[in-house]
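Shown next, in structure tokens, is the structure this report addresses.
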2 protein chains.
Amino acid sequence: MRRMTARPANAHQARLLRLLRDHGPNSRAQLGDRIDLSRSKLAVEVDRLLETGLVVADGLAASRGGRRSHNVRLAPSLRFLGIDIGATSVDVAVTNAELEVLGHLTQPMDVREGPVAVFEQALALAGKLRASGVAEGFDGAGIGVPGPVRFPEGVPVAPPIMPGWDGFPVREALSQELGCPVMVDNDVNLMAVGEQHAGVARTVRDFLFVKIGTGIGCGIVVNGEVYRGTTGSAGDIGHIQVEPDGRPCACGNHGCLEAYFGGASLARDAEAAARAGTSPELAARLAAAGSLGAPDVAAAAASGDPVALDLIRTGGTRTGQVIAGLVSFFNPDLVVIGGGVTGLGHTLLAAVRTQVYRQSLPLATNNLPIVLGELGQAAGVTGAARLISDHLFSPA
Amino acid sequence: MRRMTARPANAHQARLLRLLRDHGPNSRAQLGDRIDLSRSKLAVEVDRLLETGLVVADGLAASRGGRRSHNVRLAPSLRFLGIDIGATSVDVAVTNAELEVLGHLTQPMDVREGPVAVFEQALALAGKLRASGVAEGFDGAGIGVPGPVRFPEGVPVAPPIMPGWDGFPVREALSQELGCPVMVDNDVNLMAVGEQHAGVARTVRDFLFVKIGTGIGCGIVVNGEVYRGTTGSAGDIGHIQVEPDGRPCACGNHGCLEAYFGGASLARDAEAAARAGTSPELAARLAAAGSLGAPDVAAAAASGDPVALDLIRTGGTRTGQVIAGLVSFFNPDLVVIGGGVTGLGHTLLAAVRTQVYRQSLPLATNNLPIVLGELGQAAGVTGAARLISDHLFSPA
DNA sequence: GAGACTTTCTCCTCTCCGAGGACAAAGGGC
DNA sequence: GCCCTTTGTCCTCGGAGAGGAGAAAGTCTC
């Protein structure tokens with residue numbers, strides 16, 4: 001099948017495409033209400049979009065008391081591919097032009113295997129999705145990687161947990177492989193975008209998305225747009241110090257947040273507790289599985305294990321300490337907590353909230369919701385699809 | 001004298017005014033090089049600006065190899081008033097349209113006396129400047145206050161160190177009093193803007209301006225624009241915790257940065273050292289003056305007093321701790337240190353630098369200059385003038 | 001010092017965009 | 001079936017702005 005080649009010719013067309021993406025099929029009259037354009041101009045631009053094939057007619061709308069208007073919608077054959085490469089897994093999803101997830105596959109994987117091996121797996125998953133019939137091809141792809149990215153070029157820079165990726169031309173390579181436009185960003189940024197598009201952050205302009213997974217990172221949204229910093233490493237909060245002269249961290253410093261919390265240290269602490277015999281529950285799980293992870297701690301906590309609960313609470317408190325600082329500094333509308341360990345759920349959230357509300361100034365916390373993400377695993381891939389659609393639905 | 005009433009009629013005129021503000025007098029031909037407009041359009045817009053009186057002819061430019069071009073410049077009679085209200089002083093300056101400071105007065109003052117008393121003093125200083133002949137009237141005024149501001153309305157909100165100002169309609173009142181447009185912002189934000197306009201931050205888009213004065217605050221510039229947060233309290237970093245369960249702070253928490261450093265605690269620590277007898281130098285100064293302040297510590301340090309040096313170093317280290325976290329989070333192009341205690345100078349700077357470079361990740365610090373502000377006392381008033389000029393030089 | 005070349009400035013024309021009105025088409029309600 | 005409302009199409013008109021022609025005002029070379 002021939003894929004999308006057209007792009008909006010001007011800012012008006014771009015706006016129309018985004019309206020149709022975000023609000024679904026719409027009548028021409030409704031579009032007129034949402035956009036500040038004369039009817040004549042609007043008709044011209046919609047007709048041009050119909051010609052390009054990006055938009056198709058979609059029957060008649062219900063009457064609003066007079067002549068029925070013609071519906072239009074984004075081409076139903078458009079497909080975006082969202083790829084979320086985590087430290088230990090890869091997620092691939094296919095969406096339509098309205099960014100609804102039509103198919104989603106996950107697979108465990110170690111990012112340290114390097115870009116070639118990881119791409120092979122991601123492309124295999126994409127192929128599987130295509131074979132399942134949800135897509136015949138892709139009009140664009142977004143991909144998130146667990147490290148800093150030089151955004152304009154789509155190239156990872158100095159990623160600590162994925163050394164083999166440094167400077168690898170992700171955008172270029174994937175674009176070649178898939179034969180469609182590709183955009184690359186940090187995975188946490190994309191999760192933030194995902195929650196902004198379809199999750200809890202739909203209505204706010206300035207918010208933080210804190211991901212607690214293998215590592216801890218933060219997506220920063222300013223004025224509705226992701227802020228990436230000078231070198232693309234903004235939001236790298238895992239190595240903020242929470243304990244002067246504290247535990248040594250893999251980064252070479254002492255007392256970093258990640259040395260105390262996050263998937264890796266949580267697993268380490270849980271195993272230590274199991275071996276020390278303070279938690280029979282965790283010990284049993286360790287004996288059964290040979291190793292422990294965040295899900296084990298979550299399960300143990302759910303069954304009331306005090307050691308597991310304590311691990312989550314102190315971790316949440318430490319995370320809350322850092323977030324409190326960020327809230328004072330950034331004064332956001334909203335803080336979203338997401339990532340793999342949200343299985344720890346409300347125990348974690350409660351600890352974070354307590355700490356933030358206690359430690360930040362009232363003016364910044366008065367109307368500050370701190371909530372869990374709504375999209376879970378889908379946040380990253382949704383954000384990825386949104387990233388590429390934003391790119392494609394902008395003037396050429 | 002009649003004051004400026006005209007405003008640019010469109011975005012082109014606004015851009016031309018800003019070009020003339022930032023680059024000084026310019027020939028029409030040069031303006032053509034700097035702006036993307038056809039010669040005909042440019043001529044029309046410049047002529048219209050000449051008609052409004054915002055811009056005046058300014059003789060002939062030097063030849064660039066052919067016919068000499070006509071110079072234009074912003075009306076030389078335009079005057080902006082910049083007011084910087086600190087915790088313990090008020091600064092007032094007059095600038096021309098190019099934001100050059102033509103006169104500058106400072107006066108000690110306690111902001112807790114309340115808005116009415118403070119305005120009286122500020123207006124008296126403005127009157128003095130007018131009497132000295134640098135201005136006949138003001139075309140606009142910018143004012144900075146030491147607390148959070150609801151920016152669109154120009155009203156302080158819940159300012160901790162100036163309770164009497166909460167909700168006081170600063171913009172409205174001052175505009176009435178002066179008979180010209182007024183814009184209000186947090187004083188630290190304005191110092192950041194000042195350094196951006198005429199100081200060290202001229203060439204960067206994303207930077208932090210850390211002010212260490214009576215309190216400690218931070219101006220955040222994203223994409224060339226001040227970021228103020230949802231409630232206008234962004235950058236309030238004085239109450240970020242640096243020491244879990246540390247010293248009690250005036251805000252009710254423990255271990256805040258301001259409990260350890262900043263003008264107030266520096267004075268307290270210095271007096272304690274003087275009384276304890278560990279520093280003869282400080283003791284002598286205390287005996288002479290009855291109390292100590294940051295300048296005393298600076299002087300003692302300059303003459304080699306080890307206790308004073310140590311106070312500055314540990315304060316710098318603590319500040320560096322916080323800045324290190326912000327740098328990891330925000331990944332700026334540049335960090336500027338300014339405010340009253342820059343008299344502490346390079347001892348302070350060195351301590352901050354050491355801590356930040358040690359504690360933040362290499363990718364964020366590799367090309368990160370940390371420097372002292374260039375403008376000193378003039379940063380705030382320059383930023384204030386820039387604020388109002390940005391407002392006036394924008395399409396109506 | 002005269003002529004040739006450059007740069008600047010002023011008109012003028014021509015095109016394009018988009019607003020908005022007139023009118024036709026299509027539907028609802030009584 | 002009649003009248004009102006909404007939607008869609010067509011047309012005209014005004015304004016914005018690009019770009020060319022040519023005059024005006026310099027510099028530079030010989």
Side-chain angles (χ1 to χ4, degrees), chain A residues 6-20 23-74 394-396, chain B residues 6-20 23-52 54-74 393-396:
Chain A
R7 287 280 291 278
N10 58 44
H12 297 312
Q13 293 186 13
R15 267 195 74 201
L16 287 169
L17 291 174
R18 291 178 187 208
L19 278 177
L20 289 173
H23 298 281
N26 245 295
S27 72
R28 296 166 89 111
Q30 263 181 304
L31 285 176
D33 296 341
R34 291 189 200 274
I35 205 171
D36 188 31
L37 277 181
S38 67
R39 277 176 320 187
S40 39
K41 178 64 179 162
L42 176 63
V44 169
E45 297 298 355
V46 171
D47 287 346
R48 284 188 192 151
L49 285 173
L50 285 167
E51 271 174 41
T52 66
L54 283 172
V55 157
V56 297
D58 191 35
L60 287 171
S63 168
R64 295 200 291 186
R67 175 176 174 176
R68 294 168 65 191
S69 185
H70 292 270
N71 274 331
V72 290
R73 58 173 300 183
L74 291 169
S394 66
Chain B
R7 286 282 290 279
N10 58 43
H12 299 312
Q13 293 186 15
R15 267 196 73 199
L16 287 169
L17 291 174
R18 290 178 188 208
L19 278 176
L20 290 171
H23 299 280
N26 245 295
S27 71
R28 295 165 90 113
Q30 263 180 302
L31 285 175
D33 297 342
R34 291 191 201 271
I35 204 171
D36 188 31
L37 276 181
S38 69
R39 281 175 323 218
S40 38
K41 179 64 180 162
L42 176 63
V44 168
E45 297 298 354
V46 171
D47 286 346
R48 285 188 192 153
L49 285 173
L50 285 167
E51 270 175 43
T52 66
L54 284 172
V55 156
V56 298
D58 191 34
L60 288 170
S63 168
R64 294 200 293 186
R67 174 175 175 175
R68 294 168 66 191
S69 186
H70 293 271
N71 274 331
V72 291
R73 57 172 302 183
L74 291 169
F393 293 169
S394 66

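Every chain is numbered from 1 and lettered A, B, ... according to where its sequence line falls, protein lines coming before strand lines.
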Exercise. Given that Glu45(A) and Ala29(B) both sit by DNA chain C, which one's nearest nucleotide is further toward the 5' end?
Worked result: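 Looking at DNA chain C, the more 5' nearest nucleotide goes with Ala29(B).
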
Quick one: [X] [atom1] to [N] [atom2], roughly how many Å, whole number?
{"X": "Asp47(B)", "N": "dC11(C)", "atom1": "CG", "atom2": "C1'", "answer": "13 Å"}
{"X": "Leu42(B)", "N": "dT10(C)", "atom1": "CG", "atom2": "P", "answer": "10 Å"}
{"X": "Leu31(A)", "N": "dT6(D)", "atom1": "CG", "atom2": "P", "answer": "18 Å"}

For this session: Indicate yes or no: at least one non-hydrogen side-chain atom of Pro395(A) is less than 4.5 angstrom from one of Gln13(A).
Result: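 No, side chains not in contact.
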
For this session: For residues Val72(B) and Asp58(B), determine if any side-chain heavy atom of one lies less than 4.5 Å from a side-chain heavy atom of the other.
Result: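 No - every pair of side-chain heavy atoms lies 4.5 Å or more apart.
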
Exercise. Would Leu31(B) and Leu37(B) satisfy side chain to side chain contact (heavy atoms under 4.5 Å, CB included), going step by step from the backbone distance to the final call?
Worked result: CA-CA 9 Å; Leu31(B) 285 175; Leu37(B) 276 181; over 6 Å; no

Close N or O pairs between protein and nucleotides 19-23 of chain C (under 3.5 Å):
residue: dA19(C); atom: OP2; partner: Ser38(A); partner atom: N; Å: 3.1
residue: dA19(C); atom: OP2; partner: Ser38(A); partner atom: OG; Å: 2.6
residue: dG20(C); atom: N7; partner: Ser40(A); partner atom: OG; Å: 3.4
residue: dG20(C); atom: O6; partner: Ser40(A); partner atom: OG; Å: 3.0
residue: dA22(C); atom: N6; partner: Arg39(A); partner atom: NH2; Å: 3.4

With the criterion being N/O to N/O and under 3.5 Å, what pairs connect the protein with nucleotides 26-29 of chain C, and how long is each?
residue: dA26(C); atom: O4'; partner: Arg67(A); partner atom: NE; Å: 3.4

For this session: Kindly indicate, with the supporting measurements, whether the criterion side chain to side chain contact (heavy atoms under 4.5 Å, CB included) is fulfilled by Leu49(B) and Val46(B).
Result: CA-CA 5 Å; Leu49(B) 285 173; Val46(B) 171; 5.5 Å; no

Exercise. Got a salt bridge between Arg48(B) and Glu45(B), using NZ or NE/NH1/NH2 to carboxylate O under 4.0 Å?
Worked result: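 Judged by the 4.0 Å cut-off on N to carboxylate O distance, Arg48(B) and Glu45(B) do form a salt bridge.
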
Exercise. Between Arg64(A) and dT7(D), is there a side-chain N or O to OP1/OP2 distance below 4.0 Å?
Worked result: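 Affirmative; the distance criterion is met.
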
Problem set entry | Gln30(B) (side chain) donor-acceptor with Asn26(B) (main chain) under 3.5 angstrom |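 Checked: no pair found.
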
Problem set entry | Short side-chain to backbone donor-acceptor contact, Arg39(A) and Gly32(A), under 3.5 Å |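 Checked: no pair found.
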
For this session: Could you tell me whether Asp36(B) atom CG has more than 12 heavy atoms of other residues or ligands within 6.0 Å of it?
Result: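 No.
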
